[in-house]
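Below is one structure, written out as C-alpha cells, with a few remarks after it.
Note that these values count all heavy atoms, side chains included, but never hydrogens, waters or copies made by symmetry. The chain is numbered in sequence order, starting from 1. Atoms within a ligand are numbered from 1 in the order they appear, just like the ligands themselves.
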Amino acid sequence: ILMWRPPPKQWKGEGTTAHLYEILLGRCYTYTQIVRPELGHKDCQKIGKAFTKAFLMKDPCSSTEQDYQLLMELTDEAVPCDKTLFWSKSSELAHDYTRVRRDMFTLEDTLLGYMADGLKWCGDPGSSEMNYHSCPDWREDCSNNPFSVFWNTVSKRFAEDACGVVHVVLNGSISNTFDERSTFGRVEVFNLHPEKVNRLEAWVMHDIGSVHSDSCSSSSVNDLKQILKRRNITFSCQNNYGPIRLLQCV
Ligand code: 2NF
C-alpha cells in the first residue's frame, strides 16, 4: 500500500538541472582526466554520490555547511600561491582571462567549481528524488538553500586556501564595484588569512566605450580597502589592467 505524500512544494526558483547527476560525473571525469590530469586521482563516483547526498531527502531551506563536509574532503585541491583569482560581477571577463592565463585559477577552474558552475539543485524531505520542478530562490524563498550554501562553503574554502598575492576582477561600470553583500564581499574577503596573504590587488575593469571614471578611488573600492586594512592585508588597485583590457577587445 502506497502512503499518500503531499506534492512537492512549489518554490520560486528554477528546479534541478535535468540530468544533474550525469553532468556532475561527466564534468568530474573531464576535469580530472583532461583539464587537470596532474591533480592526481580523485574518485568521481564517490564525489558524485557525496554531492547528491548533501541535499537529497533534506529540507531545501535548512541546508548547512556540514551537509557538504564529505564532498569538501573528497575534492581538496591546492591552488599555488599568487595564482588565486576572485571575481565579483565580472564572471565572463575573469574566466576569459584564466582561459589564457592557464596558471591562474578562479573557483570555477578548480574541480568543485568546475563541476557545479551554472547548475541548480535541490531535494525534498519527503522524497529521495531531486526536485526538477522548482528550487528555493535565494532572495524570495530562503537563503539557506542547497545551492547558496554550497557556493558560500566552497567560496569560503577557496579564500581560506589562498596565499601570496591574490587578485580580484571587479566591475567598474556599476556603482557597487565592491558589493558588501556579494559572495566576494561577504565571504571571500573575510576568509583570507592575513598570515599567508601578502596583498590583495583589485583590477577594476570598465566596459569598452563607457565613460572612464577612476574607480580605484571610488567609495565602494575604498570600503574594500578599509576592510582589508582592519584585517591587516595590504591592498592595491589598478584601473583597466592591460592584459584583461585586451580581452575586452576580442
Ligand atoms: O556560480 C558561481 N560560479 C558562483 C556563485 C557564487 C559565488 C561563484 N561564486 C564565487 C566565485 F569564486 C567568485 O570569486 O564567489 C565570487 C563571485 O560571487 P559574487 O557574489 O561576489 O559575484 P556576483 O557576480 O555578485 O554573483 C555571482 C553569481 O552568484 C549569484 C549571483 O546571482 C550571480 O549569478 N549569487 C550571489 N550570491 C548568491 C547567493 N547567496 C548567489 N546565488 C545564490 N545565493
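Atoms of ligand 1 lying under 4.0 Å from any heavy atom of Leu107, numbered from 1 in the order shown and given with element: 10 (C), 12 (F). For ligand 1, the atoms closer than 4.0 angstrom to any heavy atom of Phe147 are 42 (N), 43 (C). Short contacts between ligand 1 and Phe184, defined as distances under 4.0 Å to a heavy atom of the residue, involve ligand atoms 19 (P), 21 (O). Atoms of ligand 1 lying under 4.0 Å from at least one heavy atom of Glu108, given by number and element, are 2 (C), 3 (N), 4 (C), 8 (C), 11 (C), 12 (F). Distances below 4.0 Å separate heavy atoms of Asp117 from the following atoms of ligand 1: 1 (O), 2 (C), 3 (N). Residue contact check: Lys89 has heavy atoms under 4.0 Å from atoms 22 (O), 23 (P), 24 (O), 25 (O) of ligand 1.
Judged by distance alone, with hydrogens and angles left aside, the side-chain atoms of Tyr97 form no donor-acceptor pair with the main-chain N or O of Val169 at under 3.5 Å. In terms of modelled atom types and a separation under 3.5 Å, the side chain of Arg231 and the main chain of Leu192 share a donor-acceptor contact.
Taking all atoms of both residues into account, the shortest heavy-atom contact from Ser63 to Tyr68 is OG-CE1, 4.0 Å.
Counting only heavy atoms, the protein never gets under 4.0 Å from atom 33 (C) of ligand 1. Within a 4.0 Å radius of atom 28 (C) of ligand 1, the protein contributes no non-hydrogen atoms. There is a protein heavy atom less than 4.0 angstrom from atom 44 (N) of ligand 1.
Note on ligand 1: Thr106 sits outside its first shell, no heavy atom being nearer than 4.0 Å. Note on ligand 1: Arg186 sits in its first shell, one or more heavy atoms being nearer than 4.0 Å.
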**OP:** Under the side chain to side chain donor-acceptor pair (under 3.5 Å) rule, what do Ser220 and Asp223 come out as? Steps first, then yes or no, please.
**Re:** CA-CA 5 Å; Ser220 84; Asp223 293 344; 6.0 Å; no

**OP:** Check the pair Asn152 / Ser155 against side chain to side chain donor-acceptor pair (under 3.5 Å), numbers first and verdict last.
**Re:** CA-CA 5 Å; Asn152 287 339; Ser155 299; 5.8 Å; no

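A cation-pi contact, defined as under 6.0 Å to the ring centre and within 45° of the axis, links Lys120 to Phe147.
Separation of atoms CG (Asp161) and CG (Asp76) is listed at 8.5 Å; rounding is to 0.5 Å.
Heavy-atom proximity to atom 26 (O) of ligand 1, evaluated over Trp87, Phe178, Phe150, is greatest for Trp87. Residue Trp138 holds the heavy atom nearest to atom 35 (N) of ligand 1 of all those in Tyr114, Phe105, Trp138. Evaluated by nearest non-hydrogen atom to atom 22 (O) of ligand 1, the leading choice among Ser90, Ser155, Gly113, Ser88 is Ser88.
When non-hydrogen atoms are compared, ligand 1 lies under 4.0 Å from the backbone of Thr183 as well as from its side chain.
Between Phe51 and Phe150, the ring centre distance stays below 6.0 Å. Trp87 has its ring centre less than 6.0 Å from the ring centre of His95.
In this structure, the ring-ring contact (aromatic ring centres under 6.0 Å, His included) partners of Tyr241, at least two apart in sequence or on a different chain, are Trp203.
The nearest protein atom to atom 14 (O) of ligand 1, hydrogens excluded, is given as Glu188 OE1, 2.9 Å; this is a heavy-atom distance.
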